[in-house]
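Have a look at the structure below, then the notes.
Predicted model, so just to flag it, every value in this text is computed and none were measured. Letters go in sequence order (proteins before strands), and every chain restarts at 1.
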Amino acid sequence: METMEKVYNPKLFEKKWYEYWEKNNYFHADEENEGKSYSIVIPPPNVTGQLHMGHALDNTLQDILIRFRRMQGYNTLWMPGCDHAGIATQAKVEASLREEGTNRYELGREKFLERVWKWKEEYGSRIMFQLRSLGSSCDWVRERFTMDEGCSKAVREVFVSLYEEGLIYQGRRITNWCPDCNTAISDIEVEHETEKGHLWHLRYKVEGEDRYVEIATTRPETMFGDTGVAVHPNDERYKDLVGKTLILPIVERKIPLFADEYVDPSFGTGAVKVTPAHDPNDFEMGLRHNLEEVVVIENDGKMGEGAGKYAGLDRYECRKRLVKELEELGVLIKTEEHEHAVGHCSRCHSTIEPLVSKQWFVKMESLAKPAMEAVKDGRIKFVPDRFTKIYLNWLENIRDWCISRQLWWGHRIPAWHCHNCGETSVSREDLSVCPKCGSKDIAQDEDVLDTWFSSGLWPFETMGWPEKTKTLEKFYPTSTLVTGYDIIFFWVARMVMMGLKFGKDVPFRHVFIHGLVRDAQGRKMSKSLGNGIDPLEVVDKYGADTLRFMLITGNTPGNDMRFYWERVESARNFANKIWNASRYLLMNLAGRDENFTPNKEDYTLSDKWILSRFNAVASGVTENLEKFELGEAARQIYEFLWSEFCDWYIELTKARLYDKDNERPRQTALFVLGKVLEGTLRLLHPFMPFITEEIWQKLPHKGETIMLANWPQVEDRDEAAEKDMSVIMETIKTVRNLRAEVGAAPGHKSEVILSFSDDNLKVLFKEHAGYLNALAAAEPVTFAEGDAPENALSGALNGVQVYLPLKGLIDVEKELARLQKELDGLEKDIKRTEGKLNNENFTKKAPANVVENEREKLSALVEKEKATKERFAALEKMK
RNA sequence: GGGGUUAUAGCUCAGUUGGUUAGAGUGUCUCGUUGACAUCGAGGAGGUCACAGGUUCGAGCCCUGUUAACCCCACCA
């Protein structure tokens, strides 16, 4: 006979079962399996660092979906892996090099990459270990990495194809440059923040005249790169100046004053200095008006040659000193406070510097169109739906994607530049000779690709693309993508575009979006704040099941949630409740006949009730899981297990279980207990895989593991049993209420007298008086005929009158006051309900069942009022 | 500047197509320790569903507006 610890202790079994599952290959997806497939690709965690609470949520959701479908009989694949995370990982390794007093340049590209690979081996496996601790049922033999051989091949294939189609091009453009990461980044990697700055008004002299043009700028240090000043064509103030030449202060360069539609006459002075090399708008104007680009800020954020004596200074230090000089020269007219949005690097938070450089871009328009169509026509559905709009809005306004990064860690761009003829050749195979001139003096492009370029191929590159594999055939498109709303643009949109282009179909059918896990104050968990909670710490202290349950309950899909230890405890208490309910059954299993099956007559009302309730829950849970309402599904199991199975059913089986002399009733109770508990464990397994397996294995069961057991089939409800049982339950609650009013101890037995509005109820209660004995400490239960007993508290509900003889003393005045208040409330309710029913508009227009409900409600209220009045009168007499 | 989310009990949140007396967890108060569980059981208190209109027989839910908080997008120097 199995035994159980008194208290739920996940440490004793979580590791054991995970190893058991993995060892037995239960997670493995077989493409030869003929069954319908269900597949998910993991959002690959970065190889840097470790899992945080967001990962725990993300992977719990995926595991629930996967385990649910697996039990439903689908051929399920959960593809695991991690991402090389170019900038982030390189930054980490560079930081550790710094500590050693060296840097990547000293090491050289090859040695440096060796270091990064070593890092990847260490952290990559740590993450996979952490995922296992959460219970994730990934198909580990398929584990992939965005820079493994297969992915690299896919990346190169995609790059070359897009290039051949003219969708990838190299261009000299102004791009977002991060001076600290020392690389270009894409538009979505720039975070705009409103900052307090200044608007400096400067005056530029008109050549040969004693006039000045006043311009306003937030970045005076870029003036060294000014090659023009622009005004709006219709601006009367400057009409006569357009075409004249201005003298740039300090530098003394001659620059033209020209007109351009871009200028907003209402902002500043209506005249704007134009620095094509250091501002995106000025760059465009420069192209339109053929202006020279003068570079004055270098890649490292320091002033360059063009800045004259300020060369070599940091851009902000230069600004400070320059403003002072301009003031002294009388060029600075005034300084205004000014709030404006400043771009920061999403990785290191440095202020972005727009710089001109040669980069690789992807033309997005033709890729974005089909990606929008796929969502508009419903081939891909966002859950919750509101994210559809966010996704579409971004794609509608999409601009070309800068994909080259001046890093070493990543997929190197498959382009070779010939030093002899200047040709750039893109190729699937490594080149050693220039295809154009035959020169051997060629070199591969130094840059690597944006990490998201390879992540965008994840759903099919992990399945063997570009080869035509069985895996692709079986599992692509994937079924569901689970991810946070923060990477819809970075990742989801790119996967859809690439999937449609190269996978020849949408990459997934549903995009299930979740929110962020915040701290108890609602702040984002972050390293700098030090408010992050390590999911592994929670697993260690409370178990993975507890963490999982806590993460998916008490919130709505797509919304952020807060982390509270109290909520963890609450989830742990639930686990303990399941544990002890199971323990109750296990402790009483001695003498159970495994071959016993009850006859129809063997089932008691409570048996029929709980079986029916189980069916209700099974169907509710299934429906909710199918529509991604995981929290609601979990809540229903919680309610059922705790508030129905434990609070009522288990209590009602005790009489039968402890009565060793009546074999059939005892066997029946054991049978039903086992059946319902086992079924509930199966419903709960996707949410809490470990505890359900641990208990399931101890219970009588068929099969090797609960994770491969069939998902519960929904059977018919027993409406009559549910109705009868609910009348009894309500009556028991009434007794408890009355007893509490008298101040009687809950366990202290006392007489309860019942009378009924019809004979069927009488039969029901006579038959189940035992339920009142057990759960309302009502003993004896007697049945009154005719008039209400004297000196008794009374309550009424559903045609049942409950009388509780008053043996002890109660505070009559206090009780009368309370009853009066209750009567007032009842009167109000009755009036309102009557009003409703007297309203012809209501009775005519509302559905019949609603009207019927209202009628029943009224009669219940009237009945209750009558009983309360009786009680009131009885008490008055006692006064 | 554009878009979105949120506003429900002291706190954190549910509330699925409009339909009984708006729920849960947690906290709080009263009572309860002999065999599943004190990580528990029984009972209670606690809400003008942000505000103002509207649609409807009926609104926490739908529509309009207002307020507040948060988030995303955005090339006005």
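- No hydrogens or angles considered: a donor-acceptor pair under 3.5 Å links the side chains of A:Asn580 and A:Asn576.
- For the C1' atoms, the distance linking B:G53 with B:A77 amounts to 44 Å, nearest Å.
- Here the P atom of nucleotide B:U12 and the CZ atom of A:Arg562 are 5 Å apart, to the nearest Å.
- B:U17 atom P lies 14 Å from atom CD of A:Glu623, rounded to whole Å.
- A close approach under 4.0 Å does occur between a side-chain nitrogen or oxygen of A:Trp642 and OP1 or OP2 of B:G41.
- Whole-Å rounding puts the A:Asp519 CG to B:U12 P distance at 12 Å.
- Closest approach to the A:Lys6 side chain among B:A77, B:A38, B:C57 is made by B:A38 (side chain taken as heavy atoms from C-beta onward).
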Checklist entry - Given Watson-Crick or G-U pairs with both distances under 3.5 Å, what dot-bracket string fits RNA chain B, with | for other-strand pairs and [ ] for crossing? => result (((((((..((((.....[...)))).(((((.......))))).....(((((..]....))))))))))))....
Item to check | Candidate pair A:Glu623 and A:Lys627, rule salt bridge (charged side-chain N to carboxylate O under 4.0 Å, His left out), full reasoning | outcome: CA-CA 6 Å; A:Glu623 275 169 29; A:Lys627 54 183 192 187; 5.6 Å; no
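- Each of B:C37, B:G4, B:C57 was ranked by its minimum atom distance to the side chain of A:Lys389; first place goes to B:G4.
- The side chain of A:Arg739 places no N or O atom within less than 4.0 Å of a non-bridging phosphate oxygen (OP1 or OP2) of B:A42.
- Contact between the side-chain N/O atoms of A:Thr556 and the OP1/OP2 oxygens of B:A14 is found at a separation under 4.0 Å.
- Side-chain atoms of A:Ser186 and A:Glu189 include a donor-acceptor pair closer than 3.5 Å.
- Distances shorter than 4.0 Å separate some side-chain N or O of A:Arg736 from OP1 or OP2 on B:G43.
- Applying the 4.0 Å criterion to OP1 and OP2 of B:G25, one finds that A:Asn573 has every side-chain N and O outside that range.
- Of the listed nucleotides (B:G41, B:U26, B:C37), B:U26 has the atom at the smallest distance from the side chain of A:Glu566.
- With B:C37, B:C76, B:G4 as the choices, the nucleotide that has an atom nearest any side-chain atom of A:Asn580 turns out to be B:C37.
- In this structure, a donor-acceptor pair under 3.5 Å is absent between the side chains of A:Tyr262 and A:Asp282.
- For A:Asn737, the side-chain atoms get nearest to B:G44 when compared with the rest of B:U26, B:G3, B:G44.
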Item to check | Check against salt bridge (charged side-chain N to carboxylate O under 4.0 Å, His left out), A:Asp829 and A:Arg832 | outcome: CA-CA 5 Å; A:Asp829 284 349; A:Arg832 197 177 51 207; 3.5 Å; yes
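- Of the candidates B:A14, B:G25, B:C57, the closest approach to any side-chain atom of A:Tyr638 belongs to B:G25.
- Annotation: B:A9 and B:U5 have their C1' atoms spaced 23 Å apart (nearest Å).
- Residue A:Lys627 is classed as a base contact, given a heavy-atom separation below 4.0 Å to a base.
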What pairs of nitrogen or oxygen atoms, one from the protein and one from nucleotides 69-73 of chain B, lie under 3.5 Å apart?
none

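- Residue contacts for A:Arg219: at a heavy-atom cut-off of 4.0 Å it reaches no nucleic acid atom on any strand shown.
- Along RNA chain B, the nucleotide nearest A:Thr217 and the nucleotide nearest A:Met561 are compared for position; the residue whose nucleotide lies closer to the 5' end is A:Met561.
- Nucleic acid contact class of A:Arg832 (heavy atoms, under 4.0 Å, all strands): sugar-phosphate only.
- Rounded to whole Å, the distance from CG on A:Leu202 to P on B:A77 is 15 Å.
- A:Pro847 comes within 4.0 angstrom of a base, heavy atoms only.
- Considering OG1 of A:Thr731 and OH of A:Tyr771, their distance stands at 13.5 Å, rounded to 0.5 Å.
- A ring-centre distance under 6.0 Å is found for A:His338 and A:Phe267.
- Within the nucleic acid shown, A:Asp647 comes within 4.0 Å of sugar-phosphate atoms alone, with no base atom in reach, counting heavy atoms only.
- The side chain of A:Lys577 places no N or O atom within less than 4.0 Å of a non-bridging phosphate oxygen (OP1 or OP2) of B:A38.
- Distance CG (A:Leu516) to P (B:U5): 17 Å, rounded to an integer number of Å.
- Nucleic acid contact class of A:Glu651 (heavy atoms, under 4.0 Å, all strands): base.
- When distances are taken from the side chain of A:Ala740 to each of B:U16, B:G43, B:G19, the shortest belongs to B:G43.
- Residues A:Thr222 and A:Lys273 bring a donor and an acceptor atom of their side chains to less than 3.5 Å of each other.
- Among the atoms of the strands shown, base atoms are found under 4.0 Å from some heavy atom of A:Phe267.
- To the nearest angstrom, C1' of B:G23 lies 11 Å from CD of A:Glu632.
- Within 4.0 Å (heavy atoms only), A:Gly515 reaches no atom of the nucleic acid at all.
- Between A:Glu632 and A:Arg635 there is a salt bridge, since at least one side-chain N of the basic residue sits less than 4.0 Å from a carboxylate O of the acidic one.
- Relative ring orientation between A:Tyr638 and A:Trp642 is described as tilted, the plane-to-plane angle lying within the 30° to 60° band.
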